[in-house]
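Handing you a structure now.
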Amino acid sequence: MAIERREILYGGGALLAAGLIAVGTQVGASKPAELELAESIEALRQAFENGDGAALNSLMDPSLSFGHSNGLIQTRAEFVNSVVSKAEVFNSLQYTNHENRVIGDVAIARHRFIADIIYQGKPINVDLGELQVWKRRNGRWMLFARQAFADK
């Protein structure tokens, strides 16, 4: 059985039609998997900025592994609690240089993670690489694993 591969490139939080590269089709789907994934990634970014614990929980798999660039690994509950408790506040967050690959019910998203954050009371500016692994569960994309890294 051949594995379907779909890729999407988008920028600035908005989907750019010129950046859409699709190989294969999804028969009977109301939206292409790439568009659904892009919408989920943007919803996650907004949930970070809004400190919205309910939205974060709805977008993250219960078994999430959330890796930070300093080596800290958190569960979904630990990360969501850090946002809801204001230990980590996202004043602004941008994803740039997007590259997404959808393969069946799994997707890999890579991008720049550029943010102004208050972390444990201290303001920091970050510009990191980020790898996200998404898994389709019950018909929607959920973040399954995330790892930030310094790549400069």
Side-chain angles (χ1 to χ4, degrees), residues 5-22 31-152:
R5 180 172 174 222
R6 297 177 193 90
E7 295 182 42
I8 183 170
L9 302 174
Y10 61 99
L15 190 62
L16 300 177
L20 180 62
I21 303 168
K31 285 186 190 176
E34 298 85 1
L35 180 56
E36 290 176 348
L37 176 64
E39 290 172 350
S40 295
I41 292 169
E42 175 58 15
L44 181 68
R45 188 197 66 74
Q46 289 176 13
F48 281 176
E49 276 192 342
N50 296 331
D52 186 340
L56 289 170
N57 275 317
S58 75
L59 290 161
M60 295 175 163
D61 191 88
S63 60
L64 174 72
S65 175
F66 195 93
H68 295 267
S69 62
N70 65 1
L72 175 67
I73 305 293
Q74 293 179 305
T75 65
R76 177 178 82 172
E78 290 167 336
F79 177 73
V80 171
N81 183 57
S82 74
V83 173
V84 172
S85 71
K86 307 281 190 220
E88 192 164 359
V89 176
F90 291 84
N91 290 324
S92 68
L93 173 60
Q94 295 177 354
Y95 292 154
T96 64
N97 300 340
H98 306 277
E99 181 182 330
N100 296 341
R101 289 190 178 93
V102 174
I103 305 166
D105 287 341
V106 176
I108 298 169
R110 293 182 180 271
H111 46 255
R112 302 293 311 160
F113 179 96
I114 303 167
D116 292 323
I117 302 171
I118 307 288
Y119 183 69
Q120 297 178 345
K122 298 177 184 171
I124 58 172
N125 297 319
V126 295
D127 183 354
L128 302 166
E130 184 178 54
L131 169 69
Q132 297 176 343
V133 178
W134 292 77
K135 191 174 176 183
R136 188 185 300 272
R137 188 172 285 213
N138 298 321
R140 56 192 190 97
W141 289 107
M142 300 196 64
L143 183 65
F144 187 71
R146 180 261 194 189
Q147 184 62 58
F149 55 91
D151 66 349
K152 290 185 177 183

_Gap separating the CD atom of Q46 from the CG atom of L56, nearest 0.5 angstrom_ = 11.5 Å

*Passes salt bridge (charged side-chain N to carboxylate O under 4.0 Å, His left out), D61 versus K135? Steps please.*
CA-CA 8 Å; D61 191 88; K135 191 174 176 183; 5.5 Å; no

*Distance-minimising heavy-atom pair for R45 and L93*: NH1-O, 2.9 Å

_Smallest separation among heavy atoms of F79 and S82, with atom names_ = O-OG, 2.7 Å

*asked:* Looking at every non-hydrogen atom in both residues, tell me the closest pair between G51 and V84 and how far apart they are.
replied: O-CG2, 4.5 Å

_Parallel, tilted or perpendicular: which one describes the rings of F48 and F66, with boundaries at 30° and 60°?_
perpendicular

*asked:* Using only atom types and a distance under 3.5 Å, with no angle test, would you say the side chain of R140 pairs donor to acceptor with the backbone of S58?
replied: yes

*Could you give the distance from CG (D116) to CD (Q94), rounded to the nearest 0.5 Å?*
9.0 Å

*asked:* Rounded to the nearest 0.5 Å, what separates atom CG in L59 from atom CH2 in W141?
replied: 13.5 Å

*Backbone N or O of G104 within a donor-acceptor pair of the R136 side chain at under 3.5 Å?*
no

*Working to the nearest 0.5 Å, report the span between CG of L128 and CG of N70.*
10.0 Å

*From CD (Q132) to CG (L37), nearest 0.5 Å*: 8.5 Å

_Looking at every non-hydrogen atom in both residues, tell me the closest pair between E88 and I117 and how far apart they are._
CG-CG2, 4.0 Å

*Under 3.5 Å, is there a donor-acceptor pair between the side chain of E130 and the main chain of R146?*
no

*asked:* Give me the atom names and distance for the closest heavy-atom approach of I73 to E78.
replied: O-OE1, 4.0 Å

_Before you tell me yes or no, could you show the steps for N91 and V89 under side-chain contact (heavy atoms from CB on, under 4.5 Å), namely the whole-Å CA-CA distance, both residues' side-chain angles and the distance that decides it to 0.1 Å?_
CA-CA 6 Å; N91 290 324; V89 176; 3.7 Å; yes

*Under the side-chain contact (heavy atoms from CB on, under 4.5 Å) criterion, do F144 and W134 qualify, and how do the steps go?*
CA-CA 5 Å; F144 187 71; W134 292 77; over 6 Å; no

*With no hydrogens and no angle check, is any side-chain donor or acceptor of Q147 less than 3.5 Å from a backbone partner on H68?*
yes

_Nearest heavy-atom neighbours spanning M60 and R76_ = O-NH1, 2.8 Å

*Interatomic distance, L44 atom CG to L143 atom CG [nearest 0.5 angstrom]*: 6.0 Å

